[in-house]
Protein chains: 2
Amino acid sequence: MTTATRKLREKEELRQLILQSAKKLFVEKGIENTTIRNIADATDYSVGTVYVYFKDKNAILHDLHTIGFSELGGYFLEISPVDDPLERLKQMGRIYLKFAVENPDMYDLMFNIKEPLKHLAEKENDGCEAWDEGIGTFNILKSTVKDCIDKGYFSGHEEEPLSFMIWGVVHGMCTLEIRKRTKGLKFNRPETILTDGYKEFLKMLDKV
Amino acid sequence: MTTATRKLREKEELRQLILQSAKKLFVEKGIENTTIRNIADATDYSVGTVYVYFKDKNAILHDLHTIGFSELGGYFLEISPVDDPLERLKQMGRIYLKFAVENPDMYDLMFNIKEPLKHLAEKENDGCEAWDEGIGTFNILKSTVKDCIDKGYFSGHEEEPLSFMIWGVVHGMCTLEIRKRTKGLKFNRPETILTDGYKEFLKMLDKV
DNA sequence: ATAAAAAATGAACGTTGTTCAAAAAAAATT
DNA sequence: AATTTTTTTTGAACAACGTTCATTTTTTAT
């Protein structure tokens, strides 16, 4: 059975080659400027081959979006396991911001672009598949917020909507930046508006 | 000169017809599912005519994005001119949220879709045109925040980054919703997560 | 009634995602 | 070693997209 296992490995390797070529092109020239033909060229295979390994473009985008979440997970490893949960929460936000700034295209794919989720909806078993990657990441945030509440922070607040709101703060600022809504504005310090904005949020957290 | 002025009016009328047809199609079937041919059909004119009145698709998207800002301005008229600036700030956020929920496609066009700003960049005089609509709206927010600071709220905070952060909160939650990142998650009360999240932010404001 | 100007047209172009019969390569069988 | 079967790869072809522009139609001026 040595040929069968080898074939399986080769299939997986080509799959990864296509994925990594696509990712490289995305970062180099933007997602919307990358075509299937570009990806095929970059892998030295034909368009038809790409479609053997991926159902359609959305499938590629979904797989790359999943890779993005795994990379975000890598960033989160930086969080020092300090005792104070509020301190961990603050670090989470900072790292989330850092990831978005350093990987704007990946961030966009993970949290803004609709295609990856369309691919989920298409393989509908019961109408709508769950967004596992998003759920997982949100649960990390939510459990940190819960730790805060348990330690006496955020009195009078509710865990889930508070977590969503906190997600909204960082996501909102990241997305305004990535979707060029900060560039068109005339900030006093445009190059640091993201971290400056986040600092204001941290000040609020200290008062709560 | 009666014919010349009538022609001018007729040109403007057709221009508006195209814009309104486009807007209707956007709302009905989504922006990315609306083609120039759709718009031409809806106006009972040909594709070529559309291109007489608009340089390209981005020009249409930009004009519609501007209309969106004017509609948002209409929503803001609801804000009661109450003395307490913090109360006005809270209302602003609520209305911003309401606008986004009631006009998701328009909101997306105004704050997420890149094409309207691409159109701005294309008529570059000096490299990059200013995003007047965004600047105007942000200034309203910023001056309300300034009023708050002047009345003793937000001590220790800086006007501009604080305003950006507040924008981020509401924009972030709206965009997670519009870009289907809340649907994939399993919230306890999915239908009210936006307003619930905003309520958490209001609680924070009351402590600051 | 005729000439000049303006407005509207739709066929055609290049590019996109996608498909699929045919060709090429690899594996299995005799 | 030769042949058959299976797997893999291919790229021409399709429909739909944004866009252009020579031509036609309509309107205005003479």
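Note that the structure is a prediction, hence the values are computed from the model and not measured.
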A.B. asks: For B/Asp105, what residues pass the side chain to side chain donor-acceptor pair (under 3.5 Å) criterion, not counting sequence neighbours?
C.D. replies: none
A.B. asks: CG of A/Leu17 versus C1' of D/dT9: gap in Å, rounded?
C.D. replies: 15 Å
A.B. asks: Once you round it to whole Å, what is the distance between C1' of D/dT8 and NZ of A/Lys11?
C.D. replies: 9 Å
A.B. asks: In plain terms, say whether A/Glu200 and A/Lys203 are close enough for a salt bridge, that is, a side-chain N and a carboxylate O under 4.0 Å apart.
C.D. replies: yes
A.B. asks: Do A/Glu159 and A/Lys142 meet the salt-bridge criterion of a basic N to acidic O distance under 4.0 Å?
C.D. replies: no
A.B. asks: Under 4.0 Å, heavy atom to any atom of DNA chain D: which of residues 52-61 of chain B qualify?
C.D. replies: B/Asp56, B/Lys57
A.B. asks: Would you say the ring centers of A/Tyr96 and A/Tyr198 fall short of 6.0 Å from each other?
C.D. replies: no
A.B. asks: Measure the distance from CD1 on A/Ile36 to C1' on D/dG11 and round it to the nearest whole Å.
C.D. replies: 15 Å
A.B. asks: Looking at B/Phe69 versus B/Phe111, is the centre-to-centre ring distance below 6.0 Å?
C.D. replies: yes
A.B. asks: Going by atom types only, do B/Thr35 and B/Asn38 share a side-chain donor-acceptor pair under 3.5 Å?
C.D. replies: yes
A.B. asks: Kindly state which residues belonging to residues 42-50 of chain B come within less than 4.0 angstrom of DNA chain C, counting heavy atoms of the residue only, listed by number.
C.D. replies: B/Tyr45, B/Ser46, B/Val47, B/Gly48, B/Thr49
A.B. asks: Using 30° and 60° as the class boundaries, would you call the ring planes of B/His119 and B/His62 parallel, tilted or perpendicular?
C.D. replies: tilted
A.B. asks: Is it true that A/Arg37 and A/Asp41 make a salt bridge, defined as a side-chain N closer than 4.0 Å to a carboxylate O?
C.D. replies: no
A.B. asks: Residues two or more places apart in sequence or in another chain: which of them pass side chain to side chain donor-acceptor pair (under 3.5 Å) with B/Thr195?
C.D. replies: none
A.B. asks: So where does chain B start and stop touching DNA chain C, 5' to 3', when the test is distance under 4.0 Å to a non-hydrogen atom?
C.D. replies: C/dA6 to C/dA12
A.B. asks: Can a salt bridge be assigned to the pair A/Glu122 and A/Lys118 using a cut-off of 4.0 Å between side-chain N and carboxylate O?
C.D. replies: no
A.B. asks: When you measure from every atom of DNA chain D, which of residues 21-35 of chain B have a heavy atom less than 4.0 Å away?
C.D. replies: B/Thr34, B/Thr35
A.B. asks: Once the angle between the rings of B/His171 and B/Trp167 is folded into 0 to 90°, is it parallel (under 30°), tilted (30 to 60°) or perpendicular (over 60°)?
C.D. replies: tilted
A.B. asks: B/Leu14 has an atom CG; how far is it from atom P of D/dT26, in whole Å?
C.D. replies: 16 Å
A.B. asks: Would you say B/Lys199 has more than 12 foreign heavy atoms packed within less than 6.0 Å of its NZ?
C.D. replies: no
A.B. asks: Looking at CD1 of A/Ile31 and CG of A/Leu61, how far apart are the two atoms once the value is rounded to the nearest 0.5 Å?
C.D. replies: 6.5 Å
A.B. asks: How close or far is atom P of D/dC17 from atom CG of B/Asn38, stated in whole angstroms?
C.D. replies: 7 Å
A.B. asks: When the distance from CZ of B/Arg37 to C1' of D/dT20 is rounded to whole Å, what number comes out?
C.D. replies: 12 Å
A.B. asks: Starting from C1' on D/dG11, measure out to CG on A/Asp41 and report it in whole angstrom.
C.D. replies: 12 Å
